[in-house]
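Below, read A as the first sequence line, B as the second, and so on, with proteins coming before strands; counting in each chain starts at 1. Keep in mind that this is a model prediction, so the values were computed, not measured.
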Protein chains: 2
Amino acid sequence: MITLASATIYDVARRAGVSPATVSRVLNGNHRVSPELRQRVLEAARALNYAPNYSARSLSSQRTATLGLLLPDIANPFFAEIARGVEDAAAEAGYTLLIGSTDGDPLREQHYVASLQAGRVDGILFAGANLGAPLLEGWLVRGVAVGLVDRLVDEDDVPVDAVLTDNVEGGALAVRHLLNLGHTRLAVVTGPQRVRTARDRLVGAHQAAAERGVSLDPDLIIEGNFKESGGYQAARILFSRPNPPTAIFAQNDMMALGVLRYLEEAGIRVPDEVALIGFDDIAFAALSRPALTTIAQPKYEMGRLAAQLLVERLADSQQAPRRLVLQPRLVLRQTTVVHREA
Amino acid sequence: MITLASATIYDVARRAGVSPATVSRVLNGNHRVSPELRQRVLEAARALNYAPNYSARSLSSQRTATLGLLLPDIANPFFAEIARGVEDAAAEAGYTLLIGSTDGDPLREQHYVASLQAGRVDGILFAGANLGAPLLEGWLVRGVAVGLVDRLVDEDDVPVDAVLTDNVEGGALAVRHLLNLGHTRLAVVTGPQRVRTARDRLVGAHQAAAERGVSLDPDLIIEGNFKESGGYQAARILFSRPNPPTAIFAQNDMMALGVLRYLEEAGIRVPDEVALIGFDDIAFAALSRPALTTIAQPKYEMGRLAAQLLVERLADSQQAPRRLVLQPRLVLRQTTVVHREA
DNA sequence: CTGCGTGCAGAAAGCGGTTTCTCAAAGGGT
DNA sequence: ACCCTTTGAGAAACCGCTTTCTGCACGCAG
């Protein structure tokens, strides 16, 4: 193998007739070096096409300029948008991004956690699903900066930065909207109940109902899986029963699309016979037919903010943890109102 | 900052009463170490919660166990699926994945290329869009393994591994299908013509037409941008003209969805009045209404294969470059045939 | 003219592993 | 019983960069 080894700082130093220390100083711009030597070093570096070795720099400086992002699935459009936000903010701050999809599988998560520890990344972001406090504290103890996006540990008191949507309010927004339209038989297709996000949205739904002095029929609350198939199955169950709902709140858009598919196949017209609202506002929510009314989360922004928080923590690990709660927004489209989207 | 420094190999060595070299040997499983010492070392390592430092290991061993993936946009579902394939295959081979979205912007690409060189990754995969041969050869020269996914350099002779879909055949499949349905006025909404993929699909379209002794009307070939908006605009142009097409081949699904939106707004029925076929078979193609007939590419598989090729090259950099060309597949749905999808 | 502060640059000590080299001890053959 | 080979394990060099420490030269004040 013709590994023409790339130039090192020693090569540059020799060519410029200075010491490696001086080359390092010039390249890092920190210390005062005479203009003349600086010039010589820069020329030598260019001539040799020098690029500092990443591992050596990391080892010596104890930072990697790399952030990790662990999420359930990069192919899931919701998380992909968050990831893009993280990536952009990370790039702006001079970091690159290591991404791992865990499928929510503790084993895969363990695998990544193990491979990221020990100085591989300066900080790590967990997106989606739930996380046990013990694991998290292990990270904190190891001195790795940690942040959460759209995810919370069950124990509320773990001191960690987090960026979240107000899921309780989001759930309430959805149900209020359906109630405003005059519906009384509301179904909720929830996410997995072990996921905090799903529970919160359900709490909000109950709250909104209570505000109006009504309560949600437990028989119309079905636990789904946050996937298209789960929405489809849930709808099938709901409409095989004697007294089906007139409105459905699916706790994310993918399930809403599954519900929509079932309703179409069953010949049930939306929104005329059944109203439907989703959650997330993924890109395809606007493209489905009928277009999906939904509760929008600022996904890209959440990613950006989470990365920024993490970068700031890297700069000052002592500052108090911050928790950013963003407000969700009702986006009216065709599955709840008969008029076309403006 | 309470950086309770994590244990090093020296700490483990001291605790086990052996030399650091022995610890290294035990942990890497290579050399023969007496069972007794091995036992002592493992216990010490566990007791200290030892994890080898990544940077140190990389510096010393000259490998990073990291792969880079540069793509236009991780939030684009087409590339996200490829990325997931890459990630899974990489993980299986013991590598983690660094991802960078370039937006096809040469500047961003330069930025990433610069930050990935110099031993940050063992190999790098470029997905999508075009790549100049000079840049690529720069990488090859530096001894970084390189692979391409769904992307080709314009110069056909650059010796590099690549995984591609047969885009010419895909374009031909699409047009053959439309011709088989009896259409004669075919429009093509292409991707940007600077992109090889787009040009190839158009070449295939022309070939398929020629096979039947017809030729595509140049006025019905519109250059788009591979985005939803581009499909919408193209459709608007096509149908503002005196003699609109009866069938449209959009060179990717996002544009097809844009076309679909225009047709719906214009009250043109699909497939009754106009047939439509896309390309890629992104997840949402099946969920649109009417569901999109399209030319499927094995995206996830392409990612997997590309990563596998790269890993194999890492093991043997001398083997001849391989070019894997996967066959696209026609997926019948509702936008070309009146019957429902089975 | 001497002493001291200041600025620039080199020497050298890490950072935390891997790996070669060396050596001691054990094992085997005659 | 002796010599040579093999095996296990430590010493030390090295990977390439950062950073502290040291020293030299110069300028200025006493």
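In this structure, B:Glu36 atom CD and C:dA26 atom C1' are separated by 16 Å, rounded to whole Å. In this structure, A:Arg63 atom CZ and D:dT18 atom P are separated by 11 Å, rounded to whole Å. In this structure, the CG atom of A:Leu27 is 13 Å from the P atom of D:dT19, given to the nearest Å. Between B:Arg14 atom CZ and D:dG10 atom P there is a gap of 14 Å when expressed in whole angstrom units. Counting to the nearest Å, the C1' atom of C:dG17 and the OH atom of B:Tyr54 are 13 Å from each other. A straight line from CD1 of B:Ile9 to C1' of C:dG16 spans 8 Å, rounded to a whole angstrom. Atom CZ of B:Arg57 and atom C1' of C:dC15 are 16 Å apart (whole Å). In this structure, the CG atom of A:Asn53 is 13 Å from the C1' atom of D:dC14, given to the nearest Å.
Looking at A:Asp161 and A:Arg313, their side chains come closer than 4.5 Å, going by heavy atoms from C-beta outward. No side-chain heavy atom of B:Phe126 sits less than 4.5 Å from a side-chain heavy atom of B:Leu69. In this structure, the side chains of B:Thr66 and B:Leu97 stay at 4.5 Å or more apart for every pair of heavy atoms. In this structure, the side chains of A:Ile9 and A:Ser24 come closer than 4.5 Å at one or more pairs of heavy atoms. Proximity of B:Pro77 to A:Pro77: side-chain heavy atoms (C-beta onward) are nowhere separated by under 4.5 Å.
Using a 3.5 Å distance cut-off with no hydrogens or angles, the side chains of A:Arg14 and A:Tyr10 do not pair a donor with an acceptor.
Take the nearest nucleotide of DNA chain D for B:Ala21 and for B:Gln62: the residue whose nucleotide is more 5' is B:Ala21.
Comparing D:dC17, D:dG10, C:dG16 by their nearest atom to the side chain of A:Thr8 picks out D:dC17. Among the nucleotides C:dT18, C:dC15, D:dT18, the one closest to any side-chain atom of B:Ser60 is C:dT18.
Contact annotation: A:Asn28 reaches the phosphate of D:dT18 (side-chain N/O to OP1 or OP2, under 4.0 Å). OP1 or OP2 of D:dT18 sits under 4.0 Å from a side-chain N or O of A:Ser24.
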Audit row: B:Val163, B:Leu305, side-chain contact (heavy atoms from CB on, under 4.5 Å) steps and yes/no: CA-CA 7 Å; B:Val163 177; B:Leu305 288 169; 4.1 Å; yes

Working for side-chain contact (heavy atoms from CB on, under 4.5 Å), residues B:His111 and B:Leu107: CA-CA 6 Å; B:His111 167 83; B:Leu107 256 139; over 6 Å; no

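Ion pair A:Arg108/A:Asp73 not flagged as a salt bridge, since none of the NZ, NE, NH1 or NH2 atoms sits closer than 4.0 Å to an Asp/Glu carboxylate oxygen.
With hydrogens and angles ignored, a donor-acceptor pair under 3.5 angstrom links the side chain of A:Tyr10 to the base of D:dC17.
Comparing the helix axis at one end of the helix from C:dC1-D:dG30 to C:dT30-D:dA1 with that at the other, each defined from 5 consecutive pairs, gives an inter-axis angle of 50° (nearest 10°).
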Between the protein and nucleotides 6-9 of chain D, list every N/O to N/O distance that falls short of 3.5 Å.
| residue | atom | partner | partner atom | Å |
| --- | --- | --- | --- | --- |
| D:dA9 | OP1 | B:Ser34 | OG | 2.7 |
| D:dA9 | OP2 | B:Ser34 | N | 2.7 |

